[in-house]
Amino acid sequence: MDKLLKDLNESQKEAVLATEGPVMAIAGAGSGKTRVLTRRMAHLIFNLGVPAHRILAITFTNKAANEMKTRVAKLLGISTSQMWVSTFHSMCARILREHIDLLGYDRRFQIIDDDDVTQMVKVILKQLNIDPKMVKPKMLKTHVLNVKADPSLIDDYDEPLRGYLNHVFPAYQKQLKNSNLVDFEDLLVLTIELLKKYPEIKKQYHGLFQYVMVDEFQDTNNVQYDLIRLLVNEQNNVFIVGDEDQSIYAFRGANIDNIRKFERNFPKVKRILLEQNYRSTNTILKASNDVIRGNRNRIEKNLFSTQGEGEPVTFFKGYTYRDETEYVAEMIRELVFRHNYQYEEIAVLYRANATSRAFEDTFMQKHIPYQVVGNTSFFKRKEIKDIVAYLRLILNPNDSYSLTRIVNEPRRGIGAKTIERLSIFADKEQDSLFEAISLPNSPLGKAPLSKLKTFRDLILSLKEKLDVMEFNDFIDELLVRTGYREMLRYDDMGDVRYENIMELKTMIQETKKSIEDADKIDVLTYVLEEIALKSAEDEKKETNVVTLMTLHAAKGLEFKAVFIVACEQGMFPLYRSMESPKDLEEERRLMYVGMTRAMERLYLTNCRQRQLYGETQMHQDSMFLSEININHLKLEGLNKAVSREHTPSKKRRLLTPKSTLETVDNDLSKGDRINHTAFGRGVVISVSGDQCVIAFAKEHGIKTLLKNHKAIKKV
């Protein structure tokens with residue numbers, strides 16, 4: 001007993017020893033929840049004599065499950081091979097292997113992954129003569145799985161999606177069963193069906209699982225919650241660990257209300273707060289507590305630490321985003337060379353993937369090694385390489401490599417065999433692929449040659465356009481004329497890829513401004529050269545590197561120093577979240593998760609004006625920054641001249657200098673029609689502060705712009 005409890009705080013001890021009846025441990029960030037779970041399991045086995053196989057412990061990843069098993073084995077010196085410590089899906093697969101024949105399946109069923117499901121949906125669409133351009137297979141797959149989890153949802157869909165689902169869903173289900181296949185959603189749904197339909201099976205597992213434990217309870221969805229309730233026996237010996245403040249996966253179906261639902265379904269539940277943090281300094285925790293306190297739908301707790309007060313949280317504001325990236329780079333160099341940090345102990349976190357490009361750019365210039373986690377480096381992303389190939393070919397039609405990359409991207413019916421035959425012919429004639437297209441005596445058939453000539457004419461036409469159009473407009477023209485923009489509309493990642501291309505447009509605009517008296521060809525040549533050099537730099541693999549990642553990807557990790565960048569209204573929190581209090585609370589939890597990744601130093605950064613999609617935009621400070629007590633902040637950059645309001649009747653906020661950009665009073669409201677000097681006519685979707693969201697024609701899409709920018713005129 002002493003060995004199991006000796007290094008636990010009082011709340012942790014209470015959670016370990018409270019073994020009977022329903023118990024809920026609200027585990028704040030860095031509060032040692034894995035230690036509590038494993039010590040509790042060890043206590044049940046060693047001190048209370050519970051057989052290891054009669055404890056069910058559920059978590060969300062195989063890594064976490066293996067970590068628990070390893071710790072228990074080390075504590076007790078026993079084999080954990082028979083323990084039920086696993087993910088939801090692994091547990092269900094184990095149960096179904098024993099009983100799925102009762103539901104009309106063979107016990108030797110196979111499990112298919114998400115990619116297999118998407119392919120199956122594609123095949124079914126073809127069988128039903130539904131054009132895949134009318135509905136994205138990957139998107140439809142998501143809705144098929146949602147309906148499987150809750151069939152009543154199908155009535156909530158609007159046409160034509162409901163019509164597609166009514167046809168595709170039953171065909172998909174039939175094909176799965178006929179093939180003796182189950183998908184990941186089936187593992188849960190079929191286990192629930194088994195336990196509900198066969199009381200004797202439910203009784204068998206009630207007898208087996210004397211104690212049930214669930215980790216990361218805030219991330220459970222409705223199906224998982226129902227499954228847990230079915231597995232808990234009449235003794236109600238269920239122990240859950242969760243934290244509403246770290247619930248950031250609503251887009252995956254996680255239901256933050258499950259913690260409250262648990263309290264309603266188990267009214268005698270014992271609630272234990274784990275508030276002592278073992279990761280961060282007190283100042284970081286105080287600032288994090290300030291932010292999360294803005295959420296109303298939460299169980300109140302107050303994280304504290306024994307790590308000391310530590311450094312204040314730094315809030316840097318630059319004039320432009322270049323000031324921001326330069327500051328982050330310089331602070332990283334200072335941490336490494338003056339404070340003996342390793343690069344791998346530092347992370348830069350952001351809300352949207354496209355934000356990484358500017359930091360990658362600066363880090364390369366400053367020779368700061370980095371890695372982009374959870375996503376491809378900006379310069380390696382397919383859409384960037386594709387557009388770069390188009391630009392290279394337009395500048396130099398004899399670039400056969402670039403031609404080969406994009407001649408059939410998007411698809412033009414020009415296959416690999418056609419290019420192979422063209423290559424042989426070009427070699428024989430000692431000419432480039434591009435020129436070989438127009439040579440006489442071509443060995444190619446009439447149809448493929450016609451397609452190649454159409455492509456050649458397209459490139460030559462774009463080359464002429466480059467001479468007379470502004471870069472911003474030219475990139476838009478290229479996207480439309482090549483069909484690339486239309487292709488992205490049917491790509492499951494199309495919106496993200498389009499944002500990345502718009503970031504490339506920003507990069508070209510910045511280069512144009514930085515090179516005086518350079519013509520368009522020189523600017524574009526320089527940009528393409530820079531991208532080539534940066535892509536080559538990406539090839540260097542280093543282990544001691546700064547981590548760049550989204551805030552979502554950072555959950556569960558920790559770093560000595562953390563930079564949360566682009567903390568601006570519209571960037572973080574996202575503008576679309578401001579329309580919904582529920583979504584805004586999720587954004588605030590995401591900020592809290594990001595802040596609590598920091599162990600010793602936390603930096604929050606933004607800038608007054610930022611280049612987005614080739615346009616200069618003004619953003620206010622993120623509302624989350626105004627929620628932090630000034631006593632916890634160290635102000636840098638433009639913030640050195642900033643003061644704090646102390647009027648009790650007003651919400652405390654940071655005061656930022658007024659915009660020096662030329663503006664007009666447009667007095668825009670939702671539904672107003674406008675004309676933009678670059679994007680043409682549009683309709684205002686929403687207005688928030690000095691920003692507005694405007695829907696333009698399909699080639700420009702939806703954009704967030706400064707409401708009173710001189711380029712906008714109300715009509």
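Predicted model, so just to flag it, every value in this text is computed and none were measured. When a residue number appears, it is its place in the shown sequence, counting from 1.
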Practice task
For residues 262-271, pull every pair meeting salt bridge (charged side-chain N to carboxylate O under 4.0 Å, His left out), keeping only residues two or more places apart or in separate chains.
Solution key: Glu14-Lys270, Glu263-Arg271
Exercise for the section: Could you verify whether a donor N or O on one side chain and an acceptor N or O on the other, from Asn302 and Arg293, lie under 3.5 Å apart? Expected result: yes
Handout entry: Derivation and outcome, side chain to side chain donor-acceptor pair (under 3.5 Å), residues Tyr225 and Asp257
Key = CA-CA 11 Å; Tyr225 183 87; Asp257 293 329; over 6 Å; no
Problem - Contact check, side chains of Met41 and Leu75, non-hydrogen atoms, under 4.5 Å - result: no
Exercise for the section: Before accepting this row, confirm whether a basic side-chain N of the pair Arg260/Glu244 lies closer than 4.0 Å to the acidic partner's carboxylate O. Expected result: yes
Problem - Euclidean distance, Ile259 CD1 relative to Asn255 CG, rounded to 0.5 Å - result: 10.0 Å
Exercise for the section: Give the minimum heavy-atom separation between Val372 and Tyr350, together with the two atoms involved. Expected result: CG1-OH, 4.0 Å
Exercise for the section: Sequence neighbours left out, what pairs pass ring pair (Phe, Tyr, Trp, His ring centres under 6.0 Å) with at least one residue falling in residues 98-119? Expected result: His99-Tyr205
Exercise for the section: Check whether any side-chain heavy atom of Phe304 lies under 4.5 Å from a side-chain heavy atom of Asn282, and answer yes or no. Expected result: yes
Practice task
Check whether any side-chain heavy atom of Met591 sits under 4.5 Å from a side-chain heavy atom of Cys567, and report yes or no.
Solution key: yes
Handout entry: Cationic N near anionic O, under 4.0 Å, Asp7 to Arg39
Key = yes
Exercise for the section: For Lys63, enumerate each residue passing the side-chain contact (heavy atoms from CB on, under 4.5 Å) test, keeping only those at least two apart in sequence or located in another chain. Expected result: Thr61
Handout entry: Separation between CG of Leu604 and CZ of Phe315, rounded to the nearest 0.5 Å
Key = 7.5 Å
Exercise for the section: Check Ser90 against Asn62 and note the closest heavy-atom contact, atom names and distance. Expected result: OG-OD1, 3.8 Å
Handout entry: Side-chain donor or acceptor of Ser280 paired with backbone N/O of Leu285 under 3.5 Å
Key = no
Practice task
Considering non-hydrogen atoms only, spot the tightest contact between Glu585 and Arg296 and give its length.
Solution key: OE2-N, 3.0 Å
Exercise for the section: Carefully, step by step, assess Arg601 and His339 under the rule side-chain contact (heavy atoms from CB on, under 4.5 Å). Expected result: CA-CA 11 Å; Arg601 296 172 189 260; His339 300 287; 3.6 Å; yes
Problem - salt bridge (Lys or Arg N to Asp or Glu O under 4.0 Å) assessment of Asp243 paired with Lys301 - result: CA-CA 10 Å; Asp243 180 12; Lys301 63 180 179 302; 2.6 Å; yes
Fill in the blank from the handout: Applying salt bridge (charged side-chain N to carboxylate O under 4.0 Å, His left out) to Lys69 and not counting sequence neighbours gives none
Practice task
Provide the full list of salt bridge (charged side-chain N to carboxylate O under 4.0 Å, His left out) pairs with a residue in residues 543-555, sequence neighbours left out, each pair given once.
Solution key: Glu216-Lys555, Asp219-Lys555
Handout entry: Gap separating the OG atom of Ser622 from the CZ atom of Arg351, nearest 0.5 angstrom
Key = 11.5 Å
Completion exercise
Between the OG1 atom in Thr191 and the CG atom in Leu230, the distance rounded to the nearest 0.5 Å is 10.0 Å
Handout entry: Test item: Gln246 and Tyr592 side chains (from C-beta on) under 4.5 Å apart, heavy atoms
Key = yes
Completion exercise
CD of Glu67 to OG1 of Thr34, rounded to nearest 0.5 Å, is 7.0 Å
Problem - Residue pair Ile292 / Arg589, side-chain heavy-atom distance below 4.5 Å - result: yes
Fill in the blank from the handout: Tightest non-hydrogen contact, residues Ala27 and Val241, listed as CB-CG1, 3.7 Å
Handout entry: Minimum side-chain heavy-atom gap Val336-Ile346 below 4.5 Å
Key = yes
Exercise for the section: Quick one: list whatever passes side-chain contact (heavy atoms from CB on, under 4.5 Å) with Lys203, sequence neighbours left out. Expected result: none
Let me have the donor-acceptor pairs involving side chains of residues 192-200, under 3.5 Å, with sequence neighbours excluded, atom names and distances please.
| from | atom 1 | to | atom 2 | distance (Å) |
| --- | --- | --- | --- | --- |
| Glu193 | OE2 | Lys197 | NZ | 3.1 |
| Tyr198 | OH | Leu102 | O | 3.0 |

Practice task
Could I get the full list of salt bridge (charged side-chain N to carboxylate O under 4.0 Å, His left out) partners for Glu185, not counting sequence neighbours?
Solution key: none
Exercise for the section: Please identify each residue that fulfils salt bridge (charged side-chain N to carboxylate O under 4.0 Å, His left out) with Arg40, with sequence neighbours left out. Expected result: none
Completion exercise
Scanning both residues in full, the closest heavy-atom pair of Arg97 with Arg108 reads NH1-C, 3.6 Å
Problem - Any residue meeting side chain to side chain donor-acceptor pair (under 3.5 Å) with His632, in chain and number order, not counting sequence neighbours - result: Asp290
Problem - Derivation and outcome, side-chain contact (heavy atoms from CB on, under 4.5 Å), residues Ile332 and Phe363 - result: CA-CA 10 Å; Ile332 289 173; Phe363 289 0; 3.6 Å; yes
Problem - Min side-chain heavy-atom separation Thr283-Glu311 under 4.5 Å - result: no
Practice task
Flag the pair Lys148 and Asp183 as a salt bridge only when some basic side-chain nitrogen lies within less than 4.0 angstrom of an acidic carboxylate oxygen.
Solution key: yes
Fill in the blank from the handout: By ring-ring contact (aromatic ring centres under 6.0 Å, His included), Phe184 pairs with (sequence neighbours left out) His89
Problem - Non-hydrogen atoms of Ala25 and Leu274 that approach each other most closely - result: CB-CD1, 4.3 Å
Exercise for the section: Report yes or no: does Asn233 contribute a side-chain atom to a donor-acceptor pair with the main-chain N or O of His206 at less than 3.5 Å? Expected result: yes
Completion exercise
d(Phe60 CZ, Gln224 CD) to nearest 0.5 Å is 4.5 Å
Exercise for the section: With sequence neighbours left out, write down each residue that passes side chain to side chain donor-acceptor pair (under 3.5 Å) with Asn295, or none if nothing qualifies. Expected result: Arg588
Practice task
Begin with the C-alpha distance, continue with both residues' side-chain angles, and end with the deciding distance and a verdict on side-chain contact (heavy atoms from CB on, under 4.5 Å) for Val36 and Phe239.
Solution key: CA-CA 11 Å; Val36 168; Phe239 177 80; 4.1 Å; yes
Problem - Asn237 side chain near Phe209 side chain, heavy-atom distance below 4.5 Å - result: no
